Amino acid sequence: MAPPFIFPSNIQDLEEEPDDHRLYAISPIDVTSLSPSELDELVKGVVFDLSDRDLFCIEDHDVFDRVYSLVKGFSLLSPSSKYYLVETIRSNLAVLLPNVDSLARAPQSSPSNSGIDQVPMSERIAVHRNALKIYTYFLITIVLVQEPKQDTCTASKGAGQHLKKSLWNSEAIRGRIINLIANSLEINLVLLFGLGDTVGSYLSFISKFAFSLYENQAFLKDLSTKDGLGHIIGCIATKHKRTAESCASILHLIYKFDFAVPHLVEAVAAAVKRYDDGCLAVALIREFGLTDPKDYARDSIGAENVGRFIVELADRLPRLVSTNVGFLVPHFGGESYKIRNALLGVLGKLVAKAFNDFEGDQSSKILRLRGKQAMLEILIERCKDVSAYTRSRVLQVWAELCEERAVSIGLWNELALVASGRLEDKSAIVRKSALNLLITMLQHNPFGPQLRVETFSATLEKYKEKLLVLEPARSEDDHFDNEITSGEDSHKVAPGCDVLCGESLVQSEVSADDSFLPSSQAQTQENACVPDIGNLEQIKALVASLEAGLQFSKCIASTMTILVQLLASSSVTDVENAILLLMRCRQFQIDGSDECLRKMLPLVFSQDKSIYEAVENAFVSIYIRKNPLETGRNLLNLAINSSIGDLAALECLIGSLVSKGEISQSTISALWDYFSFNVSGVEAAQSRAALSVLCMAAKSSPGILSSHWQDIIDIGFGRWAKVEPLLARTACVALERLPEEDKKKLRCNGSNVFGVLQSLVTGFWLPESIWYAAADKAISTIYSIHPAPENFAVGMAKKSLNSVFSCTVIDETPDQVDSDGMNSSIISTSKLGRFLFVISQIALNQLVYIESCVRKVRLEKSKKDKAKCESEVVDSNSNGATDGINAELGIAASDDAIIDSLSERAEKEIISSSSSDKNVIGYFAPFLSKLCRNVNVMQKYPELQPSAMLALCRLMIIDAEFCEANLQLLFTVVENAPSETVRSNCTVALGDLAVRFPNLLEPWTENMYARLRDPSTSVRKNAVLVLSHLILNDMMKVKGYIDEMAVRIEDKDERISSLAKLFFHELSKKGNNPIYSLLPDILGRLSSQNLEEGVFYNIMQFLITSIKKDKQMEGLVEKLCNRFSGVAGMLLRHSIAYCLSQLTFSERGLKKLVESFKAYEHALSEDSVMDYFRAIINKCKKFAKTEVKSSIEEFEEKLNKIHVERKEQDATTRNALAHQKKVGNLGGAVRAKKDAGDKATDEIDAEDETSEVINPSESSESGLTSTGLEHVENGLEVQSPKTSRRGVSRSKIKADKQSRIREQKNSSPIQSTLRMNKRSLSYLSLFINLTPYAHTCLPCSY
């Protein structure tokens, strides 16, 4: 019998002679020295021996050594040799496996078919064991040697060689080998190896081999190989009870190789199904649950892999995971959001799949349903998780459950409330998931295809009435009402019953709602019949379902306001998903969805291409992809009652769709039918809207209006114009957009249309509210299509004048009209306002007309120059000298100068200051100026001021001199006018003037910013729009008044606040972000204003968030720190510290903060400032690296130390100053009395002209010359003694006084205080000693 074979650690170890008795290669062959033909012969010999001899010949040294040599040099073999060698070894092992099973049934000794006679059973087992191990080892070695990257062979020449190579298919052969090894584990290994370590080593070797293949992604691509590896792992872990070892290896693979996770899940699930034993899966779940949550927080990649594993495992084995999910639930309290996300996915899979088929008795069913309800409650609770990723994930899980119809009606409305609340989440990914959840809930709602609140309410009332009739007693009614009231919360009281009843409700109400719920408002009338759907219990179920559906409809309808806000979000995903949800709401007829969809239209002007495409796709899907009549009706309904912004957006969309061919010609024809009243039931407003849509389409394709101009004139200015006044204005727009061919036809025989336009302007058949807009477009149309518009405009102006003054310009000019002559019996303010509007509109259109003529002249000139250049190329020699002379003389340049001069002269002549050159408008300009300056007239006729100021602003736009002369008047009116309409119009006019004459308006910049403080909302809004336009288009420099715009960020009006935020958002995109350089100045100016603390915080926080670059953040840290220097006010220090705390600190930014310590050191004594610096430190600690954290902690200690020291110093200083002030009052009074005594002494000494020194002893008194009264703090009068100065020379007294003054100047406050205290004590002691002499002067109370 051959020695036992032991698995070596390396194949080369088989060549070494072992110390113990084991099988090894005695005479290996060096295959590297053999030629290919010799190798092939060697392989043939081995294959022959293995095939011809018995299975156990592999133990013979001659066969073993040759097989070992070939396996060791396997890569050197030809493909055919590889194939024959591997197939022979594999087939021998496949034959050996059944023989092992037959050993258990064989007697102890019997003749052997292999030639071994009367071999004992123990030897037979040993021979089988040895052969099994040798065959297995060689096959595994071949698999490991043959890497996947070596499978690709270069194409060889010759069909025979190609045929040989085709025999070797490494993927297929590898799969067969691994599956054979997996089958070898199914035999009775205990018979071969016993229960000791021998079988353990064999299983460990195969297990190590299998797990090593899982580390190579290329091996797992082959399905047969993957299945075989999973079979091996499952068999070893489950059948052979090596769960712990397999579990450890699987965990290692999960943490290190993310690509292996799905394959390992498949292997574990296959083991559970194959052996009906979940020990491996349970062990893995327990290991995941027992892992420290902090480990998951540290290893984010491993946590993600673990999460993927348990989610896929729950998907494949929901029942098993549901019974062991308790091990995982505690990880909801861990720090790793990835694990929490995975657990949410697990709960979602379990709710959807683990409780579908109820088995067992009623008690077990209730327990399982309670478990399901607990999972649902966890999912609801996790919607408030601290991590945005987890909140987003749980909403996604709920969406999946809704798609699986795993949410009961009792929980449906609660989920809808949660989802609608998450629409206002601060994280964009959460809002996106909430929007998607609401879309899914609408799509899979169990209440029917229409969710109008009115429809549900009406239907619910009908069924409630029928229910009251069917119920036998009132007590039962009350009991039923209580049941319905608690129906929505029943999942909290009786979870099992809720799920069961909820599912039955879904089934019953789907059929009932789809059949019986009204589909239109007409079905809610009183005569609507209530179908009989069955007995009392079914009606109760339907009423409960209708109440739930009504609540759901109200919940979705309440989100319309939030969806409108999301349409204006800066996040693209918010906008896109809000549009999708609005489309779904409109499909289910949610109340308010149509109005919200109109708010979507202005988004076509978004610079983001994806938003524009989302709006366009939604518009086409909702309004365009219908039949022509329905499409036309949708478009004209959009045009009716739309705002100016919506109409502009609609025009942009329609123009784009026309150019793309999305709007068909049949739709255009349908719109003409609506306009021409060829469709029954069309109203005048719909006709006007149809013409408006056609004008929008004509902007991209003018041919749409071609050949219809007569219909436009007849209908637009006919009798229907009096029914729908805006129809005339829309007809003017249509005439203005006619093709040039049709305009020429109008010029030839269009006297009728010009008369109609003139009557519209000068007549009074339109209401005044509509006339201004119509007259505006009529005058523009005249200038667009008339061959000589200036001449026609003169006649129109005179006719308008006659209607006002009943005179002509020649007879009496308006500037001769006295201010007192404004008599209401002679002049109508309404007519005068119209006249002023006409004059100003003509002047403005004349300016535009001049500019268009200049453009035409320049275009013609460029065409002629281009043609001339082309002709000169042909004849360049003859004209070369002449062109050179013309170029030197600048003839071409002089032509441009002449054109510019004529243009300026023509513009000047509109409002000419020369009396000889005055035209119609020139006569009325002075009159208009005097009228606007006449305060009495404006106050007496306030309705005239809007027209007068609007006309004045238009004339100011035309002429610079007229503008300069009336600029102060304009700013006076815009500031003091009582009408907010006047102030608002003048604010808009200021923007136009700033564009037209920037140098004139530059000194008035502060006054323009002052409009932001206007009490009127409309004025502030227009001011924000005007200043935003000027600044963002580089027409006005951002000056020091920008803080006024910043204050508007927190304006009370939400619209103004949004516009201000949009302005700063766009400003941050310009150049190098001007907000970066403006922020310190804005901070200083805002701090000086009396703003509320919350308002200031919100403004600065918004401005700081607009700074994205790290370099600018670092520069801002330095700038703000430097502003601490020289700042004495506590409020400004507090504000600077707050702004610093809002910055994002990088390592370099933190370094700047540390380097600028001296600048803000003195401010650290204040607690509020120190709190903000602590917030900065905490923020930096969260994201700092390990080596940086030590420096941050040192800096923190330094800040705390300085804070304590500075606080103590400030307290000491405050106490000293307070004491100095207290003592100074007492000492000041003493010194005052002392000075009075000195003055008296000087007067006495002045009598002595000799200035002698007098002996004090000769004095009759004891040195006391006078007493004074001093006021002390308690209000008592105290007598202050005075000593005599006699006997001391005046010069010496003066010198002593001067020296004291010098000492006081050179001493510190504290030293002065100490000296004052000493003097006070000396005076007090002297006062006490002399008290008996002054008792007569003290008050009685003393």
Side-chain angles (χ1 to χ4, degrees), residues 747 776 779-798 800-801 808-810 813-815 835-865 868 886-887 889-930 932 950-967 969-970 989 992-1002 1035:
R747 293 188 186 105
D776 181 4
I779 296 173
S780 301
T781 304
I782 290 171
Y783 271 88
S784 175
I785 63 178
H786 199 281
E790 63 277 10
N791 297 330
F792 188 82
V794 170
M796 188 166 53
K798 290 180 179 181
S800 179
L801 175 62
T808 61
V809 180
I810 299 174
T813 56
D815 58 342
F835 167 71
L836 295 176
F837 179 84
V838 170
I839 289 294
S840 61
Q841 186 66 18
I842 289 174
L844 201 59
N845 279 274
Q846 183 68 22
L847 178 65
V848 176
Y849 178 69
I850 292 171
E851 291 178 353
S852 64
C853 291
V854 171
R855 283 197 298 269
K856 290 180 181 178
V857 170
R858 293 186 186 278
L859 182 61
E860 291 295 330
K861 181 178 178 299
S862 63
K863 290 181 179 179
K864 290 181 179 179
D865 291 343
K868 187 177 180 181
N886 291 338
L889 294 176
I891 293 177
S894 65
D895 292 341
D896 293 335
I898 292 172
I899 294 174
D900 293 336
S901 176
L902 291 174
S903 174
E904 293 176 2
R905 181 179 175 183
E907 293 178 3
K908 189 71 174 177
E909 288 177 352
I910 298 175
I911 306 174
S912 178
S913 59
S914 175
S915 58
S916 60
D917 297 336
K918 279 188 177 180
N919 51 30
V920 175
I921 299 173
Y923 277 114
F924 290 95
F927 161 74
L928 181 60
S929 179
K930 290 179 181 180
C932 293
L950 181 60
L952 180 70
C953 292
R954 286 178 170 179
L955 296 186
M956 289 174 66
I957 290 173
I958 296 170
D959 190 78
E961 294 180 1
F962 187 79
C963 175
E964 188 175 6
N966 295 278
L967 201 54
L969 169 63
L970 178 60
D992 297 333
L993 290 172
V995 176
R996 178 80 169 157
F997 308 116
N999 295 333
L1000 292 179
L1001 270 294
E1002 196 273 336
M1035 299 173 186

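Here the structure is a predicted model, which means the values were calculated and not measured. The figures that follow rest on heavy atoms only: side chains count, while hydrogens, waters and symmetry mates do not.
Checked options L955, I839, N966; the residue passing with L928 is L955 (criterion: side chain to side chain contact (heavy atoms under 4.5 Å, CB included)).
Smallest separation of non-hydrogen atoms from A960 and L1000: O-CD1, 3.8 Å. Minimum heavy-atom separation, S929 to L952: CA-CD1, 4.3 Å. A pairwise comparison of heavy atoms in C963 and L993 identifies SG-CD2, 3.9 Å as the closest pair.
F962 is linked by a ring-ring contact (aromatic ring centres under 6.0 Å, His included) to nothing, counting only residues two or more places apart in sequence or in another chain. Among residues two or more places apart in sequence or in another chain, the side-chain contact (heavy atoms from CB on, under 4.5 Å) test is passed with L902 by I898. Applying the salt bridge (charged side-chain N to carboxylate O under 4.0 Å, His left out) criterion to E907, with sequence neighbours excluded, gives R996. R855 meets the salt bridge (charged side-chain N to carboxylate O under 4.0 Å, His left out) test with no other residue; sequence neighbours excluded. Checked against side-chain contact (heavy atoms from CB on, under 4.5 Å), I910 has the following partners two or more places apart in sequence or in another chain: A843, Q846, L847, I850, I921, I958. D776 meets the side chain to side chain donor-acceptor pair (under 3.5 Å) test with Q841; sequence neighbours excluded. Listed by chain and residue number, Y783 satisfy the ring-ring contact (aromatic ring centres under 6.0 Å, His included) test with Y849 (two or more places apart in sequence, or in another chain). Remark: A994 pairs with L1001, M1008, L1030 by the side-chain contact (heavy atoms from CB on, under 4.5 Å) rule, at least two apart or across chains. Not counting sequence neighbours, E851 has no partner by the side chain to side chain donor-acceptor pair (under 3.5 Å) test. Evaluation of the side chain to side chain donor-acceptor pair (under 3.5 Å) rule for S840 yields R954 as partners, not counting sequence neighbours. In this view, D865 and K861 satisfy the side chain to side chain donor-acceptor pair (under 3.5 Å) rule, not counting sequence neighbours. Residues passing the side-chain contact (heavy atoms from CB on, under 4.5 Å) test with V794, sequence neighbours excluded: K798, V920.
A salt bridge between E860 and K864 is absent, with no side-chain N of the basic residue lying under 4.0 Å from a carboxylate O of the acidic one.
Put simply, OG on S780 and CD1 on I842 are 11.0 Å apart, with the number rounded to the nearest 0.5 Å. A distance of 10.5 Å separates CZ in F997 from CG in L967, rounded to the nearest 0.5 Å. Atom SG of C853 and atom CD1 of I899 lie 12.0 Å apart (nearest 0.5 Å). Taking CD of E909 as the reference point, atom CD of E790 lies at 11.5 Å (rounded to 0.5 Å).
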